[in-house]
Amino acid sequence: MCGITGWVSFHQDPRTQAPVIEAMTATLTPRGPDAGGVWLGRRAAIGHRRLAVLDIAGGVQPMTDRPDAPTTVLSYSGEIYNHHELRAQLKGLGHEFRTRSDTEVVLRGYAEWGEEVAGHLDGMFAFAVWDERVQRLLLVRDRLGVKPLFWAEVDGGLAFASEPKALFAHPEIRPRVDADGLREAYSLLFTTGPTVWSGVREVEPGGLLLLDRDGSRERRYWRLEADAHPDGRDATVTRVHHLVSAAARAQLEADVPLCSLLSGGIDSTVLTALLADELRLREGPGARIRSYAVDYSDQAASFTGDVLRTGHDTPYATEAGAFIGTDHSTVVLDPRALLDPEHRKAVVVARDSPIGVGDMDTSLYLLFGEIRKHSTVALSGEAADEVFGGYPWFHSPKALAAPTFPWLLVTGDEAAMPLNPELDLRIGEFREDTYRTALAAVPHLDGETPTEHRQRELQHLSLTRWLRQLLHRKDRLSMAQGLEVRVPYCDHRLVEYAFTTPWALKNCDGREKSLLRAAATGLAPDSVLHRPKNHYPATHHPDYNRGLQNLARDALADDTVRSLADETRLKPCLDTPPGQLEWGRRLRLERVVDLALWLDHHQPELAL
């Protein structure tokens, strides 16, 4: 896992601007703490920061097809899980390899297939290829958007990077925010393409971008399709078990210490069990995988449920670890440590965005920091809810009937900091227009029942929008600590199969994630198998709430923050006794604090 950056200009010679690509690359050092390098050509400058995971000695980047007079240059981030199979295929086609890295497989794959290489790759990835022969840049992003890839126009071409901060190190790209950016950020619709930053865009998941002298053009090489489902219940359960197992096995490879995130829910427990079984097959019956959970020092005594959380995770995680046989650890955080301005600032800097989830982001960042002391790679159960229908909105008559994005029924405006009405952002209209556009992109089968039709819409919205912000969060906060997080439930073959599966099978036992539960027999203790959905934990300590209110008051002392926030609607959040500050109001305060930190660090030009 790494950070990539660079730019191409047909009006300038980047060789005269080496300090620029060096500065852009340096901003990504947390993503790649092990090594860094740049390549300069007459029309392109390519940078790379490396987190060494496979072929520690051989996978140095930027990688060229030959040491002298290269014709192609690659800067790549991610993991290709079928690189062994592709290497054998490419060798059969006459390609020779200098390393055993998956990076070189991408490079040689481009030499053989050109831009079509994207369709051959299984994994999570974002990469740039500069082709000297035809003077063309290719940018590619993985199918689900696990790895980020941003770009912006420059004179005579464009710049690209794993994170916007690297773009802002280019002298032609400044951090600027307009009304469109605020709408994108605070509408909570998670569109891929536009960003909070004016002029900065994302390459679409499953998409690629080509740039040459004729300009740039984008296309999708992958998207979800609504194909007929061929299997009955038993065959579907068997197929799901096979696909999840295959994804877990493929993602266990690493030349560095590896672990699992084990929350005590069914998603992470099933994944950890499969990883542990595979590790024992490879290394012997005594092999044990490390597993980690997070908790707060106050949770055992003061846990209270809310709209997102039904129970305390730690006992379930401990039981699951013992059942599977892992070396399990619980990272216990002091809730008051989550108020540390340096920790909060580090999170906002990592995100390059004012939109996060406050203490849950800070605790995840600290958890990853503790894990990184022992492991370089972690595997996570992210995306199982989107794939198997685990969220409450899949099972709510209200959500099924509502003409809007289903998560807004849970979060609504409470999850967004109230903005100053004088800005006149018309977020309601924007949500309605965006919802219509999103529904128009959903594929359907002829003859679907109304229930199947609506459930396919909810699953498509969840996979193509809600999941994206979760993947962004996990990528940014883990890579800020130099930790690679892999997400086997994002395997595109599993996602495709589940998307074609009728809702009647996904809900065959009348509960969320029926298929995963059926496929998980024997992999998890009964208490975990039958446990209701529980979201990432948050602290409930009154001292945290009190400290958050104080931070929000300090934030609102800033003139720019006050010009953006609606103080009238925030006042009840500030005046609520700390012990009674419920989730929605607390999250509004989190947004204000993050906004102030974001403005202070990035110093954006506001063009509102």
Side-chain angles (χ1 to χ4, degrees), residues 144 186-192 224 226 229 265-267 305-311 355 357 360 381-416 427-445 448-471 473 489 495 498-517 530-536 538 582-585 587-588:
L144 273 294
Y186 286 100
S187 62
L188 305 179
L189 306 186
F190 314 119
T191 303
T192 298
L224 285 168
H229 188 73
I266 184 174
D267 313 336
D306 58 30
V307 68
L308 298 178
R309 297 163 195 89
T310 58
I355 294 298
V357 282
M360 290 184 283
E382 204 79 78
D385 287 301
E386 290 81 2
V387 172
F388 293 111
Y391 289 117
W393 54 72
F394 289 105
H395 309 272
S396 163
K398 182 179 178 181
L400 291 170
T404 190
F405 295 95
W407 51 87
L408 295 178
L409 301 179
V410 179
T411 60
D413 289 332
E414 292 186 346
I427 284 180
E429 295 175 32
F430 180 71
R431 283 174 170 168
E432 291 174 5
D433 292 343
T434 304
Y435 184 65
R436 285 192 291 270
T437 301
L439 287 190
V442 181
H444 289 286
L445 287 174
E448 283 182 334
T449 67
T451 296
E452 290 289 349
H453 188 95
R454 181 55 175 160
Q455 288 291 354
R456 197 179 299 278
E457 288 178 342
L458 293 185
Q459 188 171 17
H460 195 272
L461 294 173
S462 299
L463 285 166
T464 62
R465 287 179 174 271
W466 178 259
L467 178 60
R468 291 180 184 179
Q469 52 94 20
L470 297 179
L471 294 175
R473 172 180 182 246
Y489 290 112
V495 173
F499 190 68
T500 68
T501 303
W503 179 250
L505 289 178
K506 289 196 185 83
N507 194 45
C508 59
D509 67 359
R511 298 189 58 194
E512 75 277 4
K513 290 183 281 197
S514 299
L515 281 180
L516 183 61
R517 199 181 315 279
H530 300 291
R531 185 185 178 201
K533 164 70 182 171
N534 208 49
H535 289 261
Y536 185 86
E582 47 81 27
W583 175 78
R585 287 188 170 182
L587 192 51
R588 289 187 177 189

Considering all heavy atoms, the nearest [X]-[Y] contact:
X: Phe394; Y: Ser462; answer: CZ-OG, 3.5 Å
X: Leu189; Y: Arg465; answer: O-NH1, 3.0 Å
X: Asp267; Y: Tyr489; answer: O-OH, 2.8 Å
X: Glu382; Y: Leu467; answer: CG-CD1, 4.5 Å
X: Glu457; Y: Leu439; answer: CD-CD2, 3.8 Å

Test side-chain contact (heavy atoms from CB on, under 4.5 Å) applied to Glu512 and Tyr391, step by step: CA-CA 7 Å; Glu512 75 277 4; Tyr391 289 117; over 6 Å; no
Candidate pair Tyr186 and Ile427, rule side-chain contact (heavy atoms from CB on, under 4.5 Å), full reasoning: CA-CA 8 Å; Tyr186 286 100; Ile427 284 180; 4.2 Å; yes
Check: Arg468 side chain, Thr464 main-chain N or O, donor-acceptor pair, under 3.5 Å: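 Looks like yes, one N/O pair under 3.5 Å.
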Any donor-acceptor pair under 3.5 Å from Arg456 side chain to Phe499 backbone: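 Side chain of Arg456 to backbone of Phe499, a donor-acceptor pair under 3.5 Å: yes, one is there.
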Interatomic distance, [X] atom [atom1] to [Y] atom [atom2] [nearest 0.5 angstrom]:
X: His453; Y: His444; atom1: NE2; atom2: NE2; value: 3.5 Å
X: Ile355; Y: Leu188; atom1: CD1; atom2: CG; value: 6.0 Å
X: Trp503; Y: Ser514; atom1: CH2; atom2: OG; value: 7.5 Å
X: Leu445; Y: His229; atom1: CG; atom2: NE2; value: 11.5 Å
X: Glu432; Y: Thr404; atom1: CD; atom2: OG1; value: 8.0 Å
X: Leu463; Y: Leu458; atom1: CG; atom2: CG; value: 11.0 Å

Pairwise salt bridge (charged side-chain N to carboxylate O under 4.0 Å, His left out) hits with a residue in residues 385-394, at least two apart: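 Only Asp385-Lys513, Asp385-Lys533 qualify under salt bridge (charged side-chain N to carboxylate O under 4.0 Å, His left out).
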Residue pairs fulfilling salt bridge (charged side-chain N to carboxylate O under 4.0 Å, His left out) with at least one residue in residues 388-410, sequence neighbours excluded: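 As it turns out, there is no salt bridge (charged side-chain N to carboxylate O under 4.0 Å, His left out) pair with a partner in residues 388-410 once direct neighbours are skipped.
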Counting C-beta onward and ignoring hydrogens, is there a side-chain heavy-atom pair between [X] and [Y] closer than 4.5 Å?
X: Thr434; Y: Ser187; result: no
X: Gln469; Y: Trp407; result: no
X: Phe405; Y: Phe190; result: no
X: Arg588; Y: Arg585; result: no
X: Leu461; Y: Tyr435; result: yes

side-chain contact (heavy atoms from CB on, under 4.5 Å) evaluation trace for Arg531 with Ile266: CA-CA 8 Å; Arg531 185 185 178 201; Ile266 184 174; over 6 Å; no
Lys506 vs Gln459, side chain to side chain donor-acceptor pair (under 3.5 Å): CA-CA, chis, key distance, verdict: CA-CA 11 Å; Lys506 289 196 185 83; Gln459 188 171 17; 3.0 Å; yes
Test side-chain contact (heavy atoms from CB on, under 4.5 Å) applied to Val357 and Tyr536, step by step: CA-CA 11 Å; Val357 282; Tyr536 185 86; over 6 Å; no
